[in-house]
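Report on one structure; see the data block that follows.
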Amino acid sequence: MTQPLPSPPRHAPSPDAGRHMMELIERLYPLCRSLTGEGNRKTLAVLAEQVDIQTHEVPSGTPVFDWVVPPEWNIREAWIKDPAGNVLVDFKDHNLHVVGYSRPLHETLSLDALLPHLHSLPEHPDWTPYRTSYYQETWGFCLPDRLKAALEPGNYEVYIDADLQPGHLTYGEVVLPGSSDEEFLFSTHICHPSLANDNLSGIAVAVQLIQQIQQMKRHHTYRFLFIPGTIGSITWLALHTDTARRIRHGLVLSCVGDAGFPHYKRSRRGDALIDQAVAHVLRHGASQHAIQDFSPYGYDERQYGSPGFNLPVGLFTRSPHGTFPEYHTSADNPDLVRPEALADTLSLLLDVIHVVEGNATYRNTQPMCEPQLGRRGLYDALGGANDRKERQLALLWVLNQSDGEHSLLDIAERSGQPFHMIREAADQLFACELLAKEGGT
Ligand code: ZN
């Protein structure tokens, strides 16, 4: 009996995946997203061309735990004219020029009165910072420090044509049912305007994941949330407390397209299967990586991991937020994102899914000393495979550890072998009735 060669340990996405993700990022980049508003709807409409996404609208004023869904913000035009009447800063050149959630305004101000409303980055004088003021009504502009430093005294005309009034919070959701109602959640934020790595990279990888998962036979039901940060996850959790209880594994995706190496922040539980699975995949699939313990700071893992939910949801990034100089500035543009980094992230996440889908616990049906593997053709099955010794060891590890207490992932970890090798050994032993299934994950 000849067994097929093992599937490759890395789930290589199609060679075009990186390019498709870059194209999506470049297309979404100009849209002015925020917590709410038309930019978010347009973003979800673009995603709807590629995946079957449901768009949900939650009215402003809806109470969600200790929060309230905010008014909807839409902006059409904004600029500052200098004392000579020249346009100094214009929203239509870059949407980062206006502080997110700025109130409407049309005034003429002295330079001294204007300066407190201008934000810049002296350490990067050519970059425009990203600023918002969601929960305190104000207005402001962001601009390169080189421009701000050159302003002359005089009267400046300031115009912001925006609405801040009752509307809706918009979010997108994709559900891919599995054979079980146990859920695997992927969550990514959609509230950042023209920023590429922080925001758009997570959206692009999530879309590719959906396209890959929908072709897979799957145990878990996969849920993807495209939500504004913080208020979006709070809103979803408040409206879906029962559904949330079905989440067995989850990952928040952000900053997944830069050239940095992968970072994983564990879920609040720290020892959940998702924590174990991501650590395993990174150890075998990423030469350089870092794993950090949970902290209640960062993205929506804070909400999923609040004590009332305590869901096993970790944070997957490449360079973590706040650690790269381009973070929350105009330099976080599509040039910062690399198609090969996006493809590597996608591949690692598919490996994580493979582990979580394939993990199970077995019981050795012949536990009194080792069964004869040769008699069952199991040594022959290893054929001329060049990793014959590792495959033989994998069989012995699975037999030895399958006492109903250790999952295949536990065995992979203890043996130092990659999960796929242990999974294949278990399949062979199960086919020979040397293993009986105790439970899946
Ligand atoms: Zn951000």
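For ligands, and for the atoms within them, numbers begin at 1 and follow the listed sequence.
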task = Evaluate the side-chain proximity of H280 to F419: yes if any heavy-atom separation is below 4.5 Å, no if none is.
result =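 A side-chain contact under 4.5 Å exists here.
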query = Between the main-chain N or O of E438 and the side-chain N or O of T361, is there a donor-acceptor pair closer than 3.5 Å?
reply =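 Side chain of T361 to backbone of E438: no pair is present.
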inquiry  = Quick check on the Zn ion (ligand 1): does H328 put an N/O/S atom closer than 2.8 Å to it?
reply    = yes
H192 backbone or side-chain N/O/S under 2.8 Å from the Zn ion (ligand 1) = yes
inquiry  = Checking one value in my table: which N/O/S atom of D198 lies closest to the Zn ion (ligand 1)?
reply    = OD2
task = Examine Y135 together with W67 and report whether their ring centres are nearer than 6.0 Å.
result = yes
task = Look at the aromatic rings of H263 and F261 and report parallel, tilted or perpendicular, splitting at 30° and 60°.
result = parallel
